[in-house]
Each structure stands twice: as C-alpha cells, then as structure tokens.
There are 2 protein chains.
Amino acid sequence: MATRQGLDAETVLQAAIELADKQGIEQLSLAALATKLTIKTPSLYNHIKGLPDLRKQLSKRGLLLVKETMIEAVIGKAEDEALLAAGVAYVDFARKQPGLYEAISALPDYEDPELKEVGAGVVSFLLRILAPYGLSEEDALHVVRGFRSMVHGFASLEHRNGFRMGLDRDESLRRLLQTYLRGLRADTGREK
Amino acid sequence: MATRQGLDAETVLQAAIELADKQGIEQLSLAALATKLTIKTPSLYNHIKGLPDLRKQLSKRGLLLVKETMIEAVIGKAEDEALLAAGVAYVDFARKQPGLYEAISALPDYEDPELKEVGAGVVSFLLRILAPYGLSEEDALHVVRGFRSMVHGFASLEHRNGFRMGLDRDESLRRLLQTYLRGLRADTGREK
DNA sequence: TATAATAACTAATATCATTAGTTTTGTAAA
DNA sequence: TTTACAAAACTAATGATATTAGTTATTATA
C-alpha cells in the first residue's frame, strides 16, 4: 500500500477549488475530487463533512477572496474611482476563479451564520467606500444593493455566455458603473 | 393496473415547473417528478429526452415567459417609465416563479440554438424600448447589457436571501433603475 | 518501544439517471 | 365488432453517486 500523504482540510479545499474552476461547480463531485487527490472517496470524510459542507466552504472562501480582491483594488482610490475599481475587480475575480465565483452564487441561501458574517464583511467594505458620499445610512444601503446587483448580474451573465454580441465587455461594465455613478451624483446634487 | 393517464410533454413540463418553483431547480429530480405524476421514472422518457433536456425546456419556457411578462408590463409606457416597468416586471417574475427563473440562470451556458433564439428575443425587445433614446446601435447594446445585469443581479441576490437588512427591496430596485436611468440622461445630454 | 490518534482503506447501502426489453392500453382501420 | 398498431406505461438491470460503518495501517508522541 502506498504511504499515506497526510492530506489536510486546506489541501482538499484547494483541490476542490481547482476542480470547480476547471469544470464548473456542478461537476465538482466527491468522486472526481478523490481521484484528483489519489485517494478513495470515503477517505475524504476525514477532512470534510460531506459535499454540502464542501460547497459551503467554497462559498465562504470565494466571498473572502472577492472581498480581498476588491480591497486591494481600491488602494489609493476614493469615491467614483474606488467604486469603479471595486466593481471591475469583482468581475475580474469571477473571470479568474469561475468555479469559486459560482460557488458563491450557486448557494441555496445565505442562512448559514459563517456565510452571513463573511457577506456582512463585504457589505461593510462597500459602506466604507461610500462614506465620502455623505449618504444617509438608508440611502447608502440601497446603493450597496444596487452595486452588488450590477456587478453580480454582470459577472453572472458573462459567465454563462449571456453576452453574445461582439461588443467589448469591459467597456459594457465600465459604462454600467459609470452611468450609475453619474446618476448617483445627480440624485444627491453633488454633480461635478 | 391503473388506467394510463395519457400524459404529454406539456403536462410533464408543467409538473416540472411546479416542482422547481416549490423546491428549487437543484431539487428537481426525475424521481420526484415521476412520483408527482404517479408514474415510474423510466416512463418519463416517453415525454422527455432526459434530465438535461428537461432543464433546457425549463430555461426556454422561463425566458419566453419573462419576456411576455415584460411586454405586458410596458403597454402604454415609454422611455424611462417603460424601462422601469420592465425591470420591475422582470424581478417580479423571478419572485413568482423562482424555480423557472433559476432554470434560466442555472444554465451551464446558452450555446443551444433554441435558447440563443429566445435570448435574442429578449434583447430585441429591450432594444425596441430603447429606440426613443436615439442611441447608436453600439451604445444601445451596452445599455441592454447594463439593464440585464441590474435586473438579473438584483433578482438573483434577492432569491438567495442576499439582501439581509430590513430595507424595502422594491425601493432598492426602483432606486437602482432610476439612478441608472438618470445617469443615462446625463450621459446622453438629454436630461429633463 | 509502545501506544494513541488519525488517515486511509474495503464493504455495504441508498438514491439517482438512464437503457433495454416487455406489457398494456387506447385508437383507428378492417 | 374485431384486429392491429402506436404509444405509454411497466420491470429489470447498469453504472454513477454520496454516505456510513467498520477495519487496517501509519504517523507521531508518550
């Protein structure tokens, strides 16, 4: 018998992420994952609780990484420039880690406490970017919802080949965000 | 043996839609569908080609219905009012037929010719609403992408309980669309 | 060196989707 | 009215999957 390799939960998760990114979250099976790790399927249960648990881990990791990516993208930026950079970083993340991104959005729902917490982290990051706009708390929360809708919707449609015309997609995203931001300036009477 | 009931493809599809709307597209199995129709699983193959085919049918029907819903919603309206109504109708459809809506967005991709056609129908509907804005074809296509991103993103996040704050969701959607439309007016120098 | 924890294994079960082949039933022609 | 055919249902079988239970082997530690 081969010497055991001493897998741990993180290695298993990384392998799952690779599989998901390569083949899509739907195709991520414990059977395929075990094969990739050169172990038998039941051995996975030493490291994960089961397939639903694994998918939850992917979602959580995805949310954490997309937030980090946005944080990194807004360094040295503020206001519209920061929001635009965050939006582009979000969509870019979905492009580079499609499986991980799918894991976020393929989640049945966000009721899980751990996921709630990570999701709340993303929201509070966005609220901080919005701070200089001087919006009321309620207004800011509506804007956060709008921002998330735009970038998630864009990433999701793009991922499913929903944009079929031969039209530059980066340009579409930039325009979407800029048009929205311009409207926001107009709404709040802070037009430049 | 019970008398056979003479199912047809449409009845099977309707039952599948009900199951999907009730339990989510992930939970839609041929086993559950057969049970609901009081037949055995293999008998389903007299009416459908298989599970992937059934899901494709759901997607197609969903796209057709969401388009019809929007068309109905914009009767007697034009410009911003029409776009707003279409967006609200889109999100409303996703709320009322969550499984069917999931079928649209859970699709691996839109490569299938039938789906391409239906999808193109949605796009040309939106282009017609945009006609009075006098945009170039390219500009209009960017706006269509933006609109689809906003409404799909909103519907998708809402469906997964992505909006957790106790904030009126209809209001969030209205603001998102209105802010975007206001930005569009400003962009095109047709501000009212 | 012995022991305890744990990572891997095999075996077994239950649930699916799917295919092949068979039986039954409804309808339409003889 | 009877017969014949097409179609809708069935049973049986296969292969993939996740999961659990119980076993073996390996690593680390006492």
Legend entry - Per B:A31 side chain, nearest of listed nucleotides D:dA18, C:dA17, D:dC10: C:dA17
Legend entry - Nucleotide C:dA17, atom P - distance to CD of B:Q27 in whole Å: 11 Å
Inset, instruction - Would you check if the distance from the ring center of B:F154 to the ring center of B:F163 is below 6.0 Å? - result: yes
Inset, instruction - Would you check if the side chain of A:S59 reaches a backbone N or O of A:L107 as a donor-acceptor pair within less than 3.5 Å? - result: no
Inset, instruction - Ignoring hydrogens and angles, answer whether the base of C:dA8 and the side-chain atoms of A:N46 contain a donor-acceptor pair closer than 3.5 Å. - result: yes
Inset, instruction - Check the distance between D:dA8's C1' and B:I48's CD1 and give it to me in whole angstrom. - result: 14 Å
Inset, instruction - Verify the neighbour count for atom CD of A:E117: are there more than 12 heavy atoms of other residues, nucleotides or ligands below 6.0 Å? - result: no
Inset, instruction - Kindly point out which of D:dT19, C:dT18, C:dC9 is positioned nearest to the side chain of B:P42? - result: C:dT18
Inset, instruction - Starting from P on C:dA14, measure out to CG on A:L51 and report it in whole angstrom. - result: 20 Å
Inset, instruction - Measure from NZ on A:K40 to P on D:dT24 and round the result to the nearest Å. - result: 18 Å
Inset, instruction - Taking atom CZ of A:R169 as the centre, report whether more than 12 heavy atoms of other residues, nucleotides or ligands fall under 6.0 Å from it. - result: no
Inset, instruction - Whole angstrom is fine here: how far is it from CG in B:L37 over to C1' in D:dA8? - result: 13 Å
Legend entry - Touch class at under 4.0 angstrom, heavy-atom based, for B:S43 against every strand present: base
Legend entry - Atom-to-atom span, CZ of B:R55 to P of C:dA17 - whole angstrom: 10 Å
Inset, instruction - Mind calculating the distance between CG (A:D53) and C1' (D:dA18) to the nearest angstrom? - result: 14 Å
Legend entry - Under 4.0 angstrom between B:H47 side-chain N/O and D:dA9 OP1 or OP2: yes
Inset, instruction - Inspect the contact between B:R61 and B:E10 and indicate whether a charged nitrogen and a carboxylate oxygen are less than 4.0 angstrom apart. - result: yes
Legend entry - Length of the line joining A:D8:CG and C:dA8:C1', which is rounded to integer Å: 15 Å
Legend entry - Candidate nucleotides D:dT19, C:dA17, C:dT10, ranked by approach to the side chain of B:L30 - the nearest: C:dA17
Legend entry - Selected nucleotide, minimal atom distance to A:Y45 side chain, candidates C:dA17, D:dT19, D:dA9: D:dT19
